[in-house]
Number of protein chains: 2
Amino acid sequence: MSLIDNINKAFDHRIRLGIMSILMVNDYADFKMLKELLGATDGNLASHTKALEKEEYILVEKQFIGRKPNTRYSATKLGKLQFKKHIDALEKLIGK
Amino acid sequence: MSLIDNINKAFDHRIRLGIMSILMVNDYADFKMLKELLGATDGNLASHTKALEKEEYILVEKQFIGRKPNTRYSATKLGKLQFKKHIDALEKLIGK
DNA sequence: ATTTTAACTTTGAATTTCAAAGTACTTTAA
DNA sequence: TTAAAGTACTTTGAAATTCAAAGTTAAAAT
C-alpha cells in the first residue's frame with residue numbers, strides 16, 4: 001500500500017475536483033453554473049461531467065426550464081463518499 | 001477569476017502530488033525511494049519527474065554511490081512555493 | 001425574416017500517461 | 001571467469017485523456 005493509494009484517480013483533474021466541490025455544497029448545479037464557476041469550455045466541461053457520470057459519482061438530469069433545455073448535476077451518495085475519502089487521503093498526504 | 005484558478009495544473013496528477021509531498025518533508029529522495037513510496041512503474045515515474053523538472057519545481061542530481069548510478073530529486077524554492085499555493089487553493093476549494 | 005444567443009454535443013487533433021522493452025552497468029553464482 | 005540475475009534508470013510508442021472548434025437545435029432579439 002503506497003502513499004497515494006487512497007487518492008482517487010477520478011478526482012485528479014482540477015475541473016473534476018471543482019465539480020465535486022461544488023456538488024458537495026450545492027444539491028444541484030447546472031451546466032451553465034459549472035461552466036461559469038470553473039471557467040471551462042463547453043466541450044471540456046461535458047467530457048469531465050461524463051467521466052464522473054461514468055463512475056456514478058454524479059447524476060445527470062435533463063429537463064426543460066420553460067422552453068430551454070437544462071442539464072443539472074448532483075453528487076450521488078457514492079460520489080460524496082468517495083470524494084470525502086479522497087479529501088481525507090489528500091490531507092494525510094500533505095498534512096506532514 | 002474562477003474557483004480553480006489557483007489549482008496548479010502541474011500538481012493535478014496524484015503521482016506528481018505524491019512526489020511533491022515527499023519532497024516537502026525530505027530534502028532529498030532518490031528514484032528508488034520515490035518509486036517504492038508511490039508504487040509507480042519506472043517509466044511512469046520518470047515521466048512525472050521530468051514534467052516537474054521542466055517546470056523547475058524539482059531539481060535532479062545524478063551521481064554515483066559506490067559504483068552504482070543514483071538519481072536524487074529535491075524541491076526547488078519555486079516548487080515549494082507553488083506547492084504551498086496549490087495546497088492553499090485546495091483547502092479553499094474543498095473547505096466548504 | 002434574419003441574426004444573435006443559449007445550451008449543449010460531437011469530433012478529432014494534441015497532449016499526457018503508462019508500461020514494456022532497452023541500455024549500461026554491477027553483483028552473485030557456478 | 002563467465003554466465004545469469006539484479007539495479008537503476010531511459011526510451012519508445014501505443015492507449016487514454018484533454019481540449020476547444022465546430023456543429024446542432026431552438027429561443028430571443030432586431
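Here is the naming used below: chain letters follow the sequence lines, and residue numbers restart at 1 for every chain.
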Peer 1: Given that P69(B) and N44(A) both sit by DNA chain D, which one's nearest nucleotide is further toward the 5' end?
Peer 2: P69(B)
Peer 1: dT17(C), OP1 or OP2 - any side-chain N/O from R16(B) closer than 4.0 Å?
Peer 2: yes
Peer 1: Could you give me the CA-CA distance, side-chain angles and deciding distance for F11(A) and F83(A), then say whether ring pair (Phe, Tyr, Trp, His ring centres under 6.0 Å) is met?
Peer 2: CA-CA 8 Å; F11(A) 304 133; F83(A) 193 65; 5.2 Å; yes
Peer 1: In whole Å, what is the span from the NE2 atom of H13(B) to the P atom of dT15(C)?
Peer 2: 18 Å
Peer 1: Y73(B) and T49(B): side-chain contact (heavy atoms from CB on, under 4.5 Å), yes or no, with the steps?
Peer 2: CA-CA 8 Å; Y73(B) 303 91; T49(B) 53; 3.7 Å; yes
Peer 1: For the backbone of Y57(B) and the side chain of T76(B), can you confirm whether one donor and one acceptor N or O come within less than 3.5 Å of each other?
Peer 2: yes
Peer 1: From CZ of R67(A) over to P of dC8(C), roughly how many Å is that when rounded to an integer?
Peer 2: 17 Å
Peer 1: Treating H86(B) as the side-chain partner and N8(B) as the backbone partner, does any N or O pair qualify as donor plus acceptor under 3.5 Å?
Peer 2: yes
Peer 1: Looking across every strand, which nucleic acid part, if any, lies under 4.0 Å from K35(A) by heavy atom: base, sugar-phosphate, or nothing?
Peer 2: nothing
Peer 1: Could you tell me from which nucleotide to which nucleotide of DNA chain D, 5' to 3', there is an atom under 4.0 Å from chain A heavy atoms?
Peer 2: dT18(D) to dA27(D)
Peer 1: Of R72(A) and K9(A), whose nearest nucleotide on DNA chain C comes first from the 5' end?
Peer 2: R72(A)
Peer 1: Take atom CG of L45(B) and atom C1' of dT16(C), then tell me their distance rounded to the nearest Å.
Peer 2: 16 Å
Peer 1: Side chain of D42(A), heavy atoms from C-beta onward: which of dC18(C), dT9(C), dT27(C) has the nearest atom to it?
Peer 2: dT9(C)
Peer 1: For DNA chain D, whose closest nucleotide is more 5', that of G43(A) or that of D30(B)?
Peer 2: D30(B)
Peer 1: CG of D12(A) versus C1' of dT17(C): gap in Å, rounded?
Peer 2: 11 Å
Peer 1: Salt bridge (charged side-chain N to carboxylate O under 4.0 Å, His left out): which pairs involve residues 49-65 of chain B, sequence neighbours left out?
Peer 2: E61(B)-R72(B)
Peer 1: When the nearest nucleotide of DNA chain C is assigned to K68(B) and to Y73(A) on a heavy-atom basis, which residue is associated with the more 5' position?
Peer 2: Y73(A)
Peer 1: Could you check whether any side-chain N or O of N44(B) sits under 3.5 Å from a backbone N or O of T41(B), counting only pairs where one atom can act as donor and the other as acceptor?
Peer 2: no
Peer 1: Keeping the roles fixed (side chain from N26(A), backbone from L23(A)), state whether a donor-acceptor pair exists under 3.5 Å.
Peer 2: no
Peer 1: Take atom CD of E61(A) and atom C1' of dC8(C), then tell me their distance rounded to the nearest Å.
Peer 2: 17 Å
Peer 1: Can you tell me how far P of dC8(C) sits from NZ of K32(A), to the nearest Å?
Peer 2: 10 Å
Peer 1: Would you kindly give the CG-to-P distance between L34(A) and dA7(C), to the nearest whole Å?
Peer 2: 13 Å
Peer 1: Take the protein atom CD1 of I15(B) and the nucleotide atom P of dT16(C), then report the distance between them rounded to whole Å.
Peer 2: 15 Å
Peer 1: Reckon N70(B) touches a base, only the sugar-phosphate, or nothing at all at heavy-atom distances under 4.0 Å?
Peer 2: sugar-phosphate
Peer 1: Is T71(A) near enough to dC8(C) that one of its side-chain N or O atoms lies under 4.0 angstrom from OP1 or OP2?
Peer 2: yes
